[in-house]
Amino acid sequence: MASTTARLDLDGNTINPMTICMIGAGGFIGSHLCDKLMNETPHTVLAVDVYNDKIKHLLEPDSLPWAGRIQFHRLNIKNDSRLEGLIKCSDLTINLAAICTPADYNTRPLDTIYSNFIDALPVVKYCSENSKRLIHFSTCEVYGKTIGSYLPKDSPLRQDPAYYILKEDTSPCIFGSVEKQRWSYACAKQLIERLIYAEGAENGLEFTIVRPFNWIGPRMDFIPGIDGPSEGVPRVLACFSNNLLRREPLKLVDGGESQRTFVYIKDAIEAVLLMIENPGRASGHIFNVGNPNNEVTVRQLAEMMTKVYSKVSGEDSIETPTIDVSSKEFYGEGYDDSDKRIPDMTIINKQLGWDPKTSLWDLLESTLTYQHKTYAEAIKQAIAKPVAS
Ligand SMILES: NC(=O)c1ccc[n+]([C@@H]2O[C@H](COP(=O)([O-])OP(=O)(O)OC[C@H]3O[C@@H](n4cnc5c(N)ncnc54)[C@H](O)[C@@H]3O)[C@@H](O)[C@H]2O)c1
Ligand SMILES: O=c1ccn([C@@H]2O[C@H](COP(=O)(O)OP(=O)(O)O[C@H]3OC[C@@H](O)[C@H](O)[C@H]3O)[C@@H](O)[C@H]2O)c(=O)[nH]1
């Protein structure tokens, strides 16, 4: 429950309760941010989304301790005139709304570009025109591929951090060709970042841009055939969870050689709360938010998830835990990949004193415990159900 003692910011000043218009509040990150704001702060949230399943526990019943501090507004920001009013009556807008699953980038590139650029335009415009603060969610994908990936495979420079560490203020954005439609998302996100930055420079918009590096945890995406379409392809955590729950081999795209750093959603949400409550330190900045210590190849992630799932479910793993699959077969034409993603943490550390805490093993253990508790029974029933003839 929210504490009754005054909350202080990093400089010792009292934090006054604020009203936050959170767009995309019903998604994975939004639901965790709403949890945090309701449980630990006095702030009010106007939660905007087309879905609310992931925040239902916060909305009903009226007797919840935070009743009155969270209101759900079911609206599509593409075409709803209520959006400007909600931004106007808030102190801060946080925009999380996006299509952000890689399976969509090359198969629905128009929807991806519209969602990540065109649909975000009115949000930026209303914030700028009404002098409202904006925290906009971009992505680590704006960095694209590392400089090192273009060096010969045996070049010793590949070991030099200067060729792969991703820094907000100096790293270039390196995308594949236009035919590689995977980059439609990264490119749209990059352009909206540039627009927000320009609104700040030319019109004084008070903004913060967040670049999440693979935040993972409970409630991420969906399990195909249970709470999402059977043919849907979510992000890797949910794909691998689905395979483990169904006792199927985990599919390693192009051999699972790409590398990622994963951060626990609860650590990352701490960073967002610091941004919310320390505008003087967060405004005008772009922040990497990730955990540089949790780097693995996708193959190593699959192996670790297999071990952790065995531990939390009490089931032995299957005989062939992983299989290789080509990216063309898995994602279709136009897929491409980021080779390696390690965030530089200098700026967020200096401005907000934030550091991630949770190891990959620990975050997988709590997340897979949740997946098992939430889905194992439903999967068993779905598998047992005779197929309708
Ligand atoms: N999770 C990550 O690791 C990660 C990494 C990089 C960037 N991001 C960015 O963070 C943001 C949130 O990501 P997430 O993981 O919570 O994704 P998510 O898909 O779970 O959440 C996005 C939410 O936005 C809503 N939304 C989309 N279009 C909308 C519209 N037109 N009107 C109203 N609501 C709409 C969706 O219904 C969904 O609930 C996205 O902008 C994403 O690009 C996330
Ligand atoms: O079943 C699977 C799913 C995915 N993968 C691989 O696992 C890696 C990670 O895939 P994810 O689905 O989590 O997505 P990515 O890390 O590539 O991109 C994500 O990064 C940051 C955000 O902006 C987005 O949420 C998303 O674009 C990729 O190399 C992908 O090819 C598999 O090998 N098997």
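Numbering of ligands and ligand atoms starts at 1, following listing order.
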Going by the atom numbers of ligand 2, which of them fall below 4.0 Å from some non-hydrogen atom of V253?
5 (N), 31 (O), 32 (C), 33 (O), 34 (N)

Tell me whether E277 is salt-bridged to R7, with the criterion being a basic N under 4.0 Å from an acidic carboxylate O.
yes

Among non-hydrogen protein atoms, atom 20 (O) of ligand 1 lies closest to F28 N, 2.8 Å

Test: K340 and E295 ion pair at under 4.0 Å
yes

Among non-hydrogen protein atoms, atom 24 (C) of ligand 2 lies closest to C100 O, 3.4 Å

Could you check atom 17 (O) of ligand 2 against the protein and tell me its nearest heavy-atom contact, residue, atom and distance included?
R260 NH2, 2.8 Å

Minimum-distance protein heavy atom relative to atom 37 (O) of ligand 1
D49 OD1, 2.6 Å

Salt bridge E365-K311, side-chain N to carboxylate O under 4.0 Å
yes

Of R82, K132, K125, E129, which is the lone residue that meets side chain to side chain contact (heavy atoms under 4.5 Å, CB included) with I87?
K132

Considering only heavy atoms, which of I29, N214, V236, T112 lies nearest to atom 12 (O) of ligand 2?
V236

Using non-hydrogen atoms of the residue, decide whether L75 is closer than 4.0 angstrom to ligand 1.
yes

Does the pair E193/R211 count as a salt bridge with the N-to-O cut at 4.0 Å?
yes

Which residue supplies the protein heavy atom nearest to atom 5 (C) of ligand 1, what is that atom called, and how far is it?
P212 CB, 3.5 Å

Quick check on contacts: which atoms of ligand 1 are under 4.0 angstrom from a heavy atom of N214?
3 (O)

Please state whether K189 comes within less than 4.0 angstrom of ligand 2, counting heavy atoms only.
no

Numbering the atoms of ligand 2 from 1, which are under 4.0 Å from a heavy atom of L252?
33 (O)

Proximal ligand 1 atoms for Y51, defined as those under 4.0 Å from one of its heavy atoms:
37 (O)

Does ligand 1 have any atom sitting under 4.0 Å from a heavy atom of Y185?
yes

Which of the atoms of ligand 2 are close to Y185, meaning less than 4.0 Å from one of its heavy atoms?
22 (C), 23 (O), 24 (C), 27 (O)

Nearest-contact summary for atom 26 (N) of ligand 1 - protein heavy atom, Å
A97 CB, 3.7 Å

Taking a cutoff of less than 4.0 Å between a non-hydrogen atom of the residue and any ligand atom, is G256 in contact with ligand 2?
no

Contact atoms of ligand 1, heavy-atom distance to T139 under 4.0 Å
6 (C), 7 (C)

Backbone or side chain, does any N or O of V48 fall under 3.5 Å from an N or O of ligand 1?
no

Residues R74 and D80 bridged, charged N to O under 4.0 Å:
no

Proximal ligand 2 atoms for D337, defined as those under 4.0 Å from one of its heavy atoms:
28 (C), 29 (O), 31 (O)

Taking atom NZ of K350 as the centre, report whether more than 12 heavy atoms of other residues, nucleotides or ligands fall under 6.0 Å from it.
no

the protein heavy atom lying closest to atom 27 (C) of ligand 1 turns out to be A98 N, 3.6 Å

Please state which protein non-hydrogen atom is closest to atom 44 (C) of ligand 1 and give its distance, to 0.1 Å?
I29 CD1, 3.7 Å

So is C140 polar-close to ligand 2, meaning N/O to N/O under 3.5 Å?
no

Per-atom contacts of ligand 1 with S138, taking only distances under 4.0 Å to non-hydrogen atoms:
7 (C), 8 (N), 9 (C)

Quick test of your reading of the model: are K78 and D119 salt-bridged, counting only N-O distances below 4.0 Å?
yes

Is there a nitrogen or oxygen of P212 sitting under 3.5 Å from a nitrogen or oxygen of ligand 2?
no

Has W183 got a side-chain atom pairing as donor or acceptor with G144's backbone, closer than 3.5 angstrom?
no

Should K54 be counted as touching ligand 1, given the test is an N or O pair under 3.5 Å?
no

Below the 3.5 angstrom mark, is there an N/O of G24, backbone or side chain, next to an N/O of ligand 1?
no

Quick note on ligand 2: atoms under 4.0 Å from a heavy atom of T139 include exactly 21 (C), 22 (C), 23 (O)

C100 heavy atoms within 4.0 Å reach ligand 1 at atoms 13 (O), 17 (O), 19 (O), 42 (C), 43 (O)

Assess whether a salt bridge exists between R260 and D337, defined as any Lys/Arg side-chain N lying under 4.0 Å from an Asp/Glu carboxylate O.
yes

Touching ligand 1 at all, G26? Heavy atoms, strictly under 4.0 Å?
yes

Regarding atom 32 (N) of ligand 1: of the candidates L237, I77, I216, which has the closest heavy atom?
I77

Quick check: does N116 get an N/O under 3.5 Å from an N/O on ligand 1?
no

Within a reach of under 6.0 Å around CZ of F222, are more than 12 heavy atoms found that belong to other residues, nucleotides or ligands?
yes

Taking 4.0 angstrom as the limit, do D336 and R182 come out as a salt bridge?
no

Note the single closest protein heavy atom to atom 1 (N) of ligand 1, along with its residue, its atom name and the distance in Å.
R235 NH1, 3.2 Å

Hey, is ligand 1 close enough to K189 that some N/O pair sits below 3.5 Å?
yes

Near F137 (heavy-atom distance under 4.0 Å), the atoms of ligand 1 are 10 (O), 11 (C), 41 (O)

Close approach of R211 to ligand 1, heavy atoms, under 4.0 angstrom
no

Using a 4.0 Å cutoff against the non-hydrogen atoms of K251, which atoms of ligand 2 qualify?
1 (O), 2 (C), 32 (C), 33 (O), 34 (N)

Test of proximity, L96 against ligand 1: N or O pairs below 3.5 Å
yes

Could you tell me whether ligand 2 has any atom less than 4.0 Å away from a heavy atom of R211?
no

Find all atoms of ligand 2 within a distance of less than 4.0 Å from any non-hydrogen atom belonging to Y105, and give their numbers and elements.
24 (C), 26 (C), 27 (O)

Geometry only, no angles: is N76 polar-contacting ligand 1 at N/O separations under 3.5 Å?
yes

Looking at ligand 2, does any of its N/O atoms fall within less than 3.5 Å of an N/O of Y335?
yes

F330-ligand 2 polar pair, N/O distance under 3.5 Å
no

Among all the protein's non-hydrogen atoms, which is closest to atom 21 (O) of ligand 1, and how far away is it?
G27 CA, 3.4 Å

Should we say atom CG of N79 is surrounded by more than 12 heavy atoms from elsewhere, each under 6.0 Å from it?
yes

At a 4.0 Å cut-off, with the gap strictly under it, does some heavy atom of A25 reach an atom of ligand 1?
no

